[in-house]
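Being a predicted model, the structure only gives us computed values, none of them experimental. Lettering of chains follows the sequences in order, A, B, ..., and the numbering in each one begins at 1.
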Amino acid sequence: METKKILLVDDDLDLLEQNKILLEAKGYTVVTADNMKGAMETFQREKPDAAVLDLIMEEHDAGFILAHKIKKDPYGKTIPVFLLTSATYVTGMKFSAETSEEREWINVDGWFNKPIPVDELAEKLETFFKNRK
Amino acid sequence: MAEEKPRVIIVDDEKGLRMGTKRLLESEGYIVDTAENGTEGIALGTTGDYDMAIIDLKMPDIDGIEVLRNIKEKMPNTVCFIATAYASYETAIEATKLGAASYIPKPFTPDELINHLQEGYEKRKLILDSERLRKEREERLLEIATEKSRLNTIVNSIADGVLVTNLMGELVLFNPASMKYFELSNSIIGEYILDFLPASVKDIILKVLNNKESSKSFSAEIELKPNRELVVDVTCSPVPQPDGSLIGVVTVITNITELKRLEYVKSQFVSMVAHELKTPVAAVLGFLRIILDQNISTTPEQENDYLSRSEKRLQALVEMVNDLLDISRMEMKTKQREIKDIDIPEVVKSNLDFLELELQKRGIKVIYTAEENLPMVKADSGEVNRIFTNIISNAMKYNKDNGTITASVKKSGNYIVCAIKDTGIGMRPQDKEKLFQEFYRIKNDKTRNIPGTGLGLSIVKRLIESYSGKIEVNSEYGEGSEFIVYLPYKK
């Protein structure tokens, strides 16, 4: 089985490193970025099989914008995108994705609370990869 | 004669009869005045409040009928008797028409006179009683009228909406505030109103109506305008009759918008705090799990790195919790202050001195100026120190290497004004706006490695404002920022 490549984006460098290690332990290749610009570049360069994005980064809803950009990309729309959130509200953030409507509106494939439940994420990813074959 | 002695006036030109009658009546307990002619009779009878008057018909100056007319005109409640030997049917009729109680033919026996007067006095008492009752009733009516209009005025001036409906749902009473809340403009008393009220209000009114036995009130919070723009508490209570049966519902509408906004801000704050606490805890937990996980191999160097990073996160967390406790103490005003004379230039200077080593290390130059003989500021020294420690350490943290910090202290108006200017990364206008919000930290590549809780400036602002001072910020993105603190001094 070929190794799947996952793009992991988080502006908290500690959490980014930990999740990278945890996902690598699950057998994935992990490429990381800690800001929106770097994430887009990594995405274009690495063509990952899935993306796991922190919702709240430097621009507060950067994860959402990033998810939106990836889903608009011809390649990006073929891969699963997951958003991570630990907040229902953060100062300055215009939107909170508290309700199911809001989550539906942000067209991603799943939501996870931080810290990432790695087993659950891996399960979701596997289901996704299986169905796509 | 009982409690009060009846007062009588005798108007008679015949002295013997006048005095004899006076003596007789006085012996019976009457108070008696006499008048020896018509003129005097009118003068006395129209000025004194007599219970009864005995008026001789034939007098040399003015005749008794004229005296009677005058007295009755002025004192309608005086019971008058006409006494005369020249009795005639016509005079009797004329006298009664003018208000005489009776006609006493002369000569009269003492008993006859006393009988007449006793009857007359009874009549007088009845007249006075009914007069008193009439007056009381009039006063009561006036009171009720005043009370009603007073009540109306009060109900109309209440800021809360008040609206009373009967069992049929018809409007019985309302004030302008209730119409304003429900955006009704031409409702009238007696009109069926329930369908014009918001559905949720109608529901609770019906709830009260259907709950006939109980005296229970029902209330609901209703958002009349979305996004917390107008939120009201609507409370409907039954209006009982004296026998306890329900005759209507009184609905009181209270504006609770401000309360709801505060509640929202509070829960937002709690949510932010939870998030800010959770992130470092999650980071530490993550490192520990990786170290403990048998399936993940880590070198001792890696483990050391993870542990020291965990320590840093926990250290920052403790600082944040301390800041939060400080904010909470400020909010609850539980902190004891020790107010002393504070020399602001000294505080600024000592803070700059404290950072000297670190400033040198980064090549940051300090330009410090202060006016001579500045007045003292009355404040708690710990709190003032905290204000300047925060601002000055920010000026260092967010400065460029080899930059400059310009600090100046002067007097301006009623304030000691201290400006701390750096040549650091500066702020965008949108960041400047949110600078004093709790947990707001400017996040970009340049700030990533600058530690902070996001609470410092929020605390600084609270402290300054608690001393009736103010803080201003000037900033140019990429050029630097200037914080200006105004603290009032005691003259």
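You'll find the side chain of B/T279 reaches within 4.5 Å of the side chain of A/L15, heavy atoms only. Side-chain contact check for A/V118 versus B/R289: every heavy-atom pair is 4.5 Å or farther apart.
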Practice problem: Given side chain to side chain contact (heavy atoms under 4.5 Å, CB included), test B/V284 with A/D14 step by step and report yes or no. | Solution: CA-CA 9 Å; B/V284 172; A/D14 288 341; over 6 Å; no
Quiz item: Between B/I296 and A/L22, is a side chain to side chain contact (heavy atoms under 4.5 Å, CB included) present by the stated rule, with each step listed?
Solution: CA-CA 8 Å; B/I296 300 171; A/L22 292 170; 3.8 Å; yes
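With chain A as partner, the option from B/S310, B/S297, B/A282 having the largest number of non-hydrogen pairs under 4.5 angstrom is B/A282.
More than 12 heavy atoms of other residues, nucleotides or ligands sit less than 6.0 Å from atom NZ of A/K47. Counting non-hydrogen atoms of neighbouring residues, nucleotides and ligands closer than 6.0 angstrom, the CD atom of B/E303 exceeds 12 such neighbours. Heavy atoms from other residues, nucleotides or ligands lying under 6.0 Å from NZ of B/K312 number 12 at most. Environment of CG in B/N227: sparse, with no more than 12 heavy atoms of neighbouring residues, nucleotides or ligands closer than 6.0 Å. Within a 6.0 Å radius of CD in B/E476, other residues, nucleotides and ligands contribute 12 heavy atoms or fewer. Heavy atoms of other residues, nucleotides or ligands lying less than 6.0 angstrom from NZ of B/K400 number more than 12.
For the pair A/Q18 (side chain) and B/A283 (backbone), a donor-acceptor distance under 3.5 Å is present.
Remark: the A/E17 side chain and the B/Y306 side chain contain an N/O donor-acceptor pair separated by less than 3.5 Å.
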